[in-house]
Amino acid sequence: MMSRSIVSRAAAAAVRAPVGARAASMNLGPTDAQAAALDALKPGKFGHVATNPRDSGADPAKCPSLAANEYLLYSARHESNARTYVRRFPFAIKSAKGCKLTDTDGKEYYDCKNVAGTLALGHNHDIVIDAAKKFLDSGAPIQSLDMATPEKKAYMETLFSVLPQELSKLHFCSPAGTDVLDAAVKLCKYATGRRTVMAFHGGYHGHGAGPLAMMGNLGAKEALTGLMSDVHFLPYPYAYRNPFGVDGEEGEKTVMKYIETIFADAESGIPKPACVVVEAIQGEGGVGALSPTALRELRRITAEHDVPLVVDEVQAGFCRSGDFWAFQNNGSGIVPDVVCMSKAAGGSMPLAVMAYKPELDAWSAGAHTGTFRGNQIAFACGKAQTDYLRDNKMHERAAEKGARLMGHLRDIMAESSTIVDVRGRGLMLGVEFGLADEVDHLGLPKPDGEMAGEVQKLALRNGMIQERGGRGGSVMRFLCPLIVEDEDIDAMADIFRTAVKQAEVGLGRV
Ligand SMILES: Cc1ncc(COP(=O)(O)O)c(C=O)c1O
């Protein structure tokens, strides 16, 4: 095993490369005090935290990043031990615009995380702000349960304009992604009278008890009992780590054949499910994606066995993937039975909704209620944003800007000793790190979450926040807003390249 010493300041400085012109003109990265605090942080299971993440003690003496910032200290003292990003990104946000954040010390950061892929047009886009202001001045009610309003009708009409026409029914849910996944499963159970559900290895659908049961990652669920029962997991055709150890198209075919066998074999042990729930691109799972062929196969198999196909577009939808919907993947031609939407659905405001085929509409009045299903500001902002995405063909922009970023990431991979794969579509890209000297059960480099964690920390230190995902947190993720400009992409790639080099030196992975 190689040396695992944490990057030293000297090593970091030695490989620090100048970033793009625009970045250089920004007041980029943490203050000296925060940078020193970051340097002192050690990688932890839940990101870089100085204290044990299960220990809610908020002692600034033990955790230097807290001492550097009164807002972090207050959060550590009074917020739940389950808090997440406030630990990982130890600064407090004061303002935000486009793909940049400014903290309370006036320092700036590129936001490559983008509220976990929520802000299609970045922070505080004029289209969204104008729609919100106009709504607030209108005298219309801000909340209305699921009662009829002009704003809701206008939103629904806009949503229908971007959905396949077969999906002619909408159900608004409580406003988080996890709620819409719960609703979709319930709808399919009512419609089919069946009890089992099929989800995928690496899948992520939120933290409610139903969606958590459908989560591939064990970390968040292994300590819990009483999650939704009767969930069965299918292998996902993750190209880099094909679950059958078969590369390329043949690997994908093998996965799809196995899935078909589960449906076709009367002794597979799994009763016919109420639905199959899938992400066309797995976000949190590490940016594996279904090819057009795999999507068509999954649609064929589920249709032939009369099983509703639920596609979770919560993260990949609304143009991020390079198509308006990720299930459309380069003309796949498939139409799911249910499409789940949240995140970008409300134009930066909380909103969750599912679209489905009318033949599934077998539940009765009140079968899935919730107080906050009528957020009218979200309808107004969501309509304005969705109109903008559609009219400006923002999926094409995502594909074009994503290709530029992908080019940089491939170059960085060629220079790196630790990157084993770059993948994704549109502006939903991932870089996987692997250990050169340890292999997994498939004979591939073991996922290197420590390296990804160090890159995440160093990217932050150099002025960019980024999400991690994948097996063992080994995938660094790029979720830029669709309005990102070339010069921002170049600057973000520079920051990432520098962080990778620094981490490779610091962790002795060169
Ligand atoms: C694909 C997918 N589904 C569902 C969810 C859950 O959404 P929320 O966090 O709003 O509950 C997420 C969140 O990241 C997601 O990526």
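Note that ligands are numbered from 1 as they come in the structure, with each ligand's atoms numbered from 1 the same way.
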**Study point:** Glu400 with Lys393: basic N within carboxylate O range, under 4.0 Å
**Key:** no
Exercise for review: Taking atom NZ of Lys272 as the centre, report whether more than 12 heavy atoms of other residues, nucleotides or ligands fall under 6.0 Å from it.
Suggested key: yes
Review point. Does a side-chain N-to-carboxylate-O contact under 4.0 Å join Asp130 and Lys133?
Key: no
Exercise for review: Measure the distance from atom 16 (O) of ligand 1 to every protein heavy atom, then report the residue, atom name and distance (to 0.1 Å) of the closest one.
Suggested key: Gln315 NE2, 2.7 Å
Review point. Considering only protein heavy atoms, which is closest to atom 11 (O) of ligand 1, and at what distance to one decimal place?
Key: Thr178 N, 2.8 Å
Check your understanding: Is ligand 1 less than 4.0 angstrom away from at least one heavy atom of Lys343?
Key -> yes
Check your understanding: Which protein non-hydrogen atom lies closest to atom 8 (P) of ligand 1, naming both residue and atom, and how far is it?
Key -> Gly177 N, 3.4 Å
Revision key, fill the gap. Checking Lys97, Arg404, Lys100 against Asp488 for salt bridge (charged side-chain N to carboxylate O under 4.0 Å, His left out), the one that qualifies is Lys100
Point to revise | Phe172/Phe379 aromatic ring centres below 6.0 Å | key: yes
Exercise for review: Pull out every atom of ligand 1 sitting under 4.0 Å from any heavy atom of Glu279, numbered as shown with elements.
Suggested key: 1 (C)
Check your understanding: What protein heavy atom is closest to atom 3 (N) of ligand 1, reported as residue, atom name and distance in Å?
Key -> Asp312 OD2, 2.6 Å
Point to revise | Salt-bridge present (Arg471, Glu432; N to O < 4.0 Å) | key: no
Check your understanding: Which of the atoms in ligand 1, numbered in the order shown and given with their element, are less than 4.0 Å from a heavy-atom of Gly206?
Key -> 4 (C), 5 (C), 6 (C)
Revision key, fill the gap. Within 4.0 Å of some non-hydrogen atom of Ala176, the atoms of ligand 1 are 10 (O), 11 (O)
Review point. Ion pair present between Glu157 and Lys383, side-chain N to carboxylate O less than 4.0 angstrom?
Key: no
Review point. How close does the nearest protein non-hydrogen atom get to atom 15 (C) of ligand 1, and which residue and atom is it?
Key: Tyr204 CD2, 3.7 Å
